[in-house]
Protein chains: 2
Amino acid sequence: MPATMKDVAHLANVSTSTVSRVLAGHPAISAETALRVREAMAALSYQPNQIARSLSNQTTRTIALLMPDPSASPLMNAFFVSAIRGVMTYARKNGYYLLLTYPENNDTETLVRDLVGSRRTDGVILTTVIKDDPALTFLIAQNHPHVVIGHPYDDQNTLWVDNDNQAIVYEVTSRLIQQGCRNIAFLSGADEFRVTLDRQQGYLNALHDHDIPVNPDLIHRSRFIETLAAEATREILKTCLPDAVIATDDTLAVGVEKALREFHYEHNVAVVGFNNTLVAQFVRPALSSVEINAEQLGYYAAKLLISHLEGIDLHIRHYLIDAHFIERESSRPKAKRKK
Amino acid sequence: MPATMKDVAHLANVSTSTVSRVLAGHPAISAETALRVREAMAALSYQPNQIARSLSNQTTRTIALLMPDPSASPLMNAFFVSAIRGVMTYARKNGYYLLLTYPENNDTETLVRDLVGSRRTDGVILTTVIKDDPALTFLIAQNHPHVVIGHPYDDQNTLWVDNDNQAIVYEVTSRLIQQGCRNIAFLSGADEFRVTLDRQQGYLNALHDHDIPVNPDLIHRSRFIETLAAEATREILKTCLPDAVIATDDTLAVGVEKALREFHYEHNVAVVGFNNTLVAQFVRPALSSVEINAEQLGYYAAKLLISHLEGIDLHIRHYLIDAHFIERESSRPKAKRKK
DNA sequence: TTGAAAGCGCTAACAT
DNA sequence: ATGTTAGCGCTTTCAA
């Protein structure tokens, strides 16, 4: 049995409240007693029971990070791994523990209710944004501290971090147009996610501003799985040959390249991915990709949450994380002319 | 303020002990009262306070997963990501939460002491094995439930899961020898990790069994970072041209290929990686790699730990997870002859 | 079948 | 500057 505060109090000949006070660094404690208490703690290698502390405090120094349901998106694709890394780093540095979890049967609401109701965590970070998210509604209603990675529809009552998805896709699309592309396909994730809609809007706006008509056959959505992207690409190739494809995940982009290669179009079609994963550097042709700095998204999400938990007012309710286009061979005009 | 047991007891006109009993599914409770209590719970949308429960129970239904210190190995390389995924999946399915953390200043002992002392978790999973690991020693001394991913030196007092690292490297090395390789380089992680030594032993045994002398210049160790592997390769190339390189992580293998390419040796040297990551499929030449099934390692680690926590005797104290060699272009003789 | 009461280990208001 | 005491919300022994 590990030592308790009581044991320490006995040994140091003080009351438990005194022990509690030295632990808390309370000022009104004489140097001598503080020393005695510390010695007693050391002698017994005392460690405070955080559970007891939590019960008394109503605080756990633990935050929860909710991943998407693995049935909706592969558990921990590169984006989420980076985000976790960022969250973990900030949390650890600030003395918070990280509870990593995901919903079952896509039921995020039940998970959040459980997390909040059980009082295991002080706050939660959500990693997806959908319309009328019941989990988010619940968090807002309960006034439970939370941060969303992604731009929530109701951005008044929640803290959030995101890239400017519309702008970055606008930029990429415009760039391709400048290179002479006119038939630009757009492959993205499920349209229940706001990130999908934002990016698509950036794409549409760019086409519009350059007077390029929208061809619905060039717009596809799927889960972030390579084979699905290959499938979609073959589908598109049945009706026309696009001169560029923007895919909102490198995994998708790789699937696109694979399908293009089947028809020997790999050098005729510019391809751009997202998330700048390792594969982007290694596929041939090297894949142009949008670096969204997912690690920073996670880091700032944790920062926003933890600052809020500690009552620190950052005078800011969201962070917009820089994203930038990394051009590689797969979308460079010269590469395409090579053939 | 969320409802407490007391509120439920009031509403149902019973004592808190009765509420506690229905919650626990205690048999000696009349059907009527049980019903009344359940209704009261529903009416108040009562959720038990897990912290209070934990304090009373001395149990948290949370397990900790310790990652390596990011200063020693990049935080969450592919191996660990897969392992996390496996642990998380099993834990979630069995109603356990996952606390993800890592030591600071490489001080795993302090972290483990804190984790155990604070009673935040019911058990911990370690992901690295070093000699005389103080963290492991502490866990054994405290008799605190734990599982190690990797084969611990003291395998009597801990549960563990691992691949048969020696055997798989023996197999890969022998294969390369059969293909005619005689100068096989071996690049691996830090030799403080047992996995490094085991794999190296497999390599040495294979050489020995085929009467090939060991050339120490061909054996290098480094952190799992691409550039370091490239560096090591250049170092080796100064003194001799190996006909094969075994690298115990795909990241290293990629660095090797990069260095080989600088000297236009990429088609003359067989290269084998480990962990069968995505890049292995996409680099050119496609990288042969050992699939160690890290996700299964994590899954079975969690299974071992949780079964132990629940007092279920699996009649087994470790799992040996299958690993197998996936041969691709980078090590195939024909590919090498191409040039 | 149910309730009363003690206890899990800590914190904090109140008292001295 | 320190001790006393009453919780925090639950479980569980003991008694009825």
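Everything numeric here is computed off the predicted structure, so don't read it as measured data. No hydrogens, no waters, no symmetry mates; every other heavy atom, side chains included, goes into these values. Chain identifiers are assigned alphabetically (A, B, ...) following the order of the sequence lines, protein sequences preceding nucleic acid strands; residue numbering begins at 1 within each chain.
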**Message:** So, taking the atom named CG in A/Leu136 and the one named CG in A/Asn157, what distance separates them when rounded to the nearest 0.5 Å?
**Reply:** 9.0 Å
**Asked** Does C/dT2 have OP1 or OP2 sitting under 4.0 Å from an N or O in the side chain of B/Arg21?
**Response** no
**Message:** Working to the nearest 0.5 angstrom, can you tell me the gap between B/Thr33 OG1 and B/Arg21 CZ?
**Reply:** 10.5 Å
**Request:** Record whether the side chain of B/Arg36 comes under 3.5 Å of the base of C/dT1 through a donor-acceptor pair of N or O atoms.
**Result:** no
**Message:** How many whole angstroms separate atom CZ of A/Arg120 from atom C1' of D/dG9?
**Reply:** 15 Å
**Asked** Between B/Ser20 and D/dT11, does any side-chain N or O lie under 4.0 Å from OP1 or OP2?
**Response** yes
**Prompt:** What does B/Leu55 touch in the nucleic acid at a heavy-atom separation under 4.0 angstrom: a base, only the sugar-phosphate, or nothing?
**Reply:** base
**Asked** How many Å lie between NZ on A/Lys6 and P on C/dT11, as a whole number?
**Response** 15 Å
**Request:** Report the nucleotide, chosen from D/dG9, D/dT11, C/dT11, that has the shortest atom-to-atom distance to any side-chain atom of A/Met5.
**Result:** C/dT11
**Request:** Please state how far atom NE2 in B/His26 lies from atom P in D/dT11, giving the value in whole angstrom units.
**Result:** 13 Å
**Message:** Angle between ring planes, A/Tyr299 versus A/Tyr90, binned at 30° and 60°: parallel, tilted or perpendicular?
**Reply:** perpendicular
**Ring-face cation of B/Arg120 near A/Tyr97 (centre distance under 6.0 Å, axis angle within 45°)** = no
**Prompt:** With a non-hydrogen cut-off below 4.0 angstrom, is B/Gln58 in contact with a base, only sugar-phosphate, or nothing?
**Reply:** sugar-phosphate
**Prompt:** What is the nucleic acid contact for B/Ser30, judged by heavy atoms within less than 4.0 Å: base, sugar-phosphate only, or nothing?
**Reply:** sugar-phosphate
**Message:** Heavy atoms only, 4.0 Å cut-off, all strands: where does B/Ser17 land among base, sugar-phosphate and nothing?
**Reply:** base
**Request:** Would you indicate what B/Val19 reaches in the nucleic acid, counting non-hydrogen atoms under 4.0 angstrom: base, sugar-phosphate, or nothing?
**Result:** nothing
**Request:** Starting from P on D/dT11, measure out to CZ on B/Arg61 and report it in whole angstrom.
**Result:** 13 Å
**Message:** Tell me the interatomic distance from B/Ile51, atom CD1, to C/dT11, atom C1', rounded to whole angstroms.
**Reply:** 15 Å
**Message:** Whether A/Ser56 contacts C/dC10 is assessed here as follows: a side-chain N or O lying under 4.0 Å from the phosphate OP1 or OP2. Is that the case?
**Reply:** no
**Request:** Round to the nearest Å and state the distance from A/Ile29 atom CD1 to C/dT11 atom P.
**Result:** 13 Å
**Message:** At 4.0 Å (heavy atoms only), tell me whether A/Thr4 reaches a base, stays on the sugar-phosphate, or touches nothing.
**Reply:** sugar-phosphate
**Request:** Check the distance between C/dG9's P and B/Asn57's CG and give it to me in whole angstrom.
**Result:** 13 Å
**Request:** Please state whether the base of C/dG3 and the side chain of B/Thr16 form at least one donor-acceptor pair under 3.5 Å?
**Result:** no
**Prompt:** What is the minimum heavy-atom distance between A/Pro103 and A/Pro68, and which atoms define it?
**Reply:** CD-C, 4.1 Å
**Item:** Atom-pair distance (CG on B/Asn49; P on C/dC8), nearest Å
**Value:** 18 Å
**Request:** Would you indicate what B/Thr33 reaches in the nucleic acid, counting non-hydrogen atoms under 4.0 angstrom: base, sugar-phosphate, or nothing?
**Result:** sugar-phosphate
**Asked** Between A/Ser20 and A/Thr16, is there a donor-acceptor pair closer than 3.5 Å when you use the side chain of the first and the backbone of the second?
**Response** no
**Request:** Using a 4.0 Å heavy-atom cut-off across all strands, classify A/Asn13 as base, sugar-phosphate, or nothing.
**Result:** sugar-phosphate
